[in-house]
Amino acid sequence: MNINELVKNDLKYIWHPCSQMMDYEELKPIIIERGEGVNLYSYDGKKYLDVVSSWWCNLLGHCNKRISFAVKKQLDTLEHVIFANFSHIKAVELCEKLVKLLPEGLVKFCFTDNGSSAIEAAMKMSFQYHFQTGNSQKTRFMALTDAYHGETIGALSVGGVDLYSEIYKPVLLDVIRIQGPDCYRCPYGLNCKNCDAQCIEFANKSFEKWGDKTAAIIIEPLVQAAAGMKIYSPKYLAKLRGLCDKFNVHLIADEIATGYGRTGKMFACEHANISPDIMCLSKGLTGGYMPMALVITTKKIFDAFYAPYLEGKAFMHSHTYSGNPLACAAACEVLKILKDENIIENAQKKAVHFNNLIKEKFSSHKNVGDIRSIGLINAIELVEDKDTKTPFNPKLRIGYEIYKNALKMGLILRPLGDVIYFNPPLIIDKDDMDYAIDVAYQSLCKILN
Ligand SMILES: *Cc1c(COP(=O)(O)O)cnc(C)c1O
């Protein structure tokens, strides 16, 4: 099949995720043939630098030799097995390795097959825990404004980004929404580097009012990624932990985007020195190789389900592909590579360079309102007016225009609204990062000047 036919047939059959398909009339799907390191190569011979890690999941480069080898080896041994009553070596190995890295107390692992399903499982687990420990009145969930936790009905309910959830409101759960941190437009006029997380007062109020009815609060620790890489102080997280303890509310840490070294530490919770009651992982977990997610919890929660069968206390949650051995093999290898090659520490060394370079290049531009960074995540928020922080009219689709322009120059940006960001594989080198910054800046100037 030639390339034009491929594109034609793609459009004939495929309903792409998170897309207005009519946009594809102008910007056709790019058919990728192969990947190598931080680059993707299309059938028409173009190279694309993947600084968004193919939706934040590619951690160690495309077609990483070690992960590929581990998956191939597993493929010839065991491809899948029912995970109820059966197990396999790679699942056990993964838990043994992870338990040493996770915040203290997270020791029981529940396997699902994507991020949203992990969120669903975490919510059900929390509710059922309270139900089975004499708190059946705890039926509500709390979440922050601008949160993103996935796309299924439960996960969308706790999410707070209207772009994804607005139209479904009539069928979503009634979630207690707490105004979350907004450090660029801080209502106290403070700076997140030296504030005392004063904005916890909104959470205080909600906990006072609804704490006794609430099973769990779910948060993205430190970075509200889909909201535009909004970064907030670890102090907020620490204070939230305190509130949860006081009101017997579970803290669910959605580390699907922030885990695996994205913030400079293995898990974002480490910046605040806290342990959540439940943690969700996915994306980087398999290095972007296989769909898998984990819901990890404490012995305390696990024990509330542990009873003679006829008491009906089991967690009856399941997914067909739970604990898939291919995914587990990839995930085990990812942890080995992180350790052997000192990936997170090395990424952190590069991070300073990238951040300085981005600030140098972008900060004086008249439409760059905010530059924020943590680990290798760097985000640039574009505004119409820097002084008033007034956003552009979303109808202008500034971010999308910049995206299209950068694509022509071989860079995959995929901005979140008018927030351009870099969230590259942790192995990216200085040359590639310099190139990405350069192309992003040129694209921005082309559209805005
Ligand atoms: C991507 C993401 C999810 C959803 O994961 P899927 O695998 O896409 O369902 C949930 N929470 C956060 C923070 C994410 O970034």
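Values in this document were obtained by computation on a predicted structure and should not be read as measured data. Order of appearance sets the numbers: ligands from 1, and atoms from 1 within every ligand.
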Residue selection (non-hydrogen contact nearest atom 7 (O) of ligand 1) among Gly115, Pro291, Ala226, Ala155: Gly115
Atom 9 (O) of ligand 1: nearest protein contact (heavy atom, Å): Ser116 OG, 2.6 Å
Atom 2 (C) of ligand 1: nearest protein contact (heavy atom, Å): Lys283 NZ, 2.6 Å
More than 12 heavy atoms of other groups within 6.0 Å of Tyr321 OH: no
Atom CD of Glu104: over 12 foreign heavy atoms under 6.0 Å: no
N/O donor-acceptor pair under 3.5 Å between Lys124 side chain and Met316 backbone: no
Ser19 side chain to Pro17 backbone, donor-acceptor under 3.5 Å: yes
What atoms of ligand 1 come closer than 4.0 angstrom to any heavy atom of [X]?
| X | answer |
| --- | --- |
| Ala257 | 15 (O) |
| Gly150 | 4 (C), 10 (C) |
| His149 | 10 (C), 11 (N) |
| Glu220 | 13 (C) |
| Asp254 | 10 (C), 11 (N), 12 (C), 13 (C) |

Aromatic ring pairing Phe362/Tyr441, orientation class (parallel under 30°, perpendicular over 60°, tilted between): perpendicular
Distance-only side-chain donor-acceptor flag, Ser68 / Tyr289, under 3.5 Å: yes
Under-4.0 Å heavy-atom contact with ligand 1, by part of Trp56 that carries it: side chain
Which segment of Asn114 sits under 4.0 Å of ligand 1 when only heavy atoms are counted: both
Test applied, side-chain hydrogen bond (donor to acceptor under 3.5 Å, both in side chains); reference residue, Asn324; option that passes from His80, His88, His319: His80
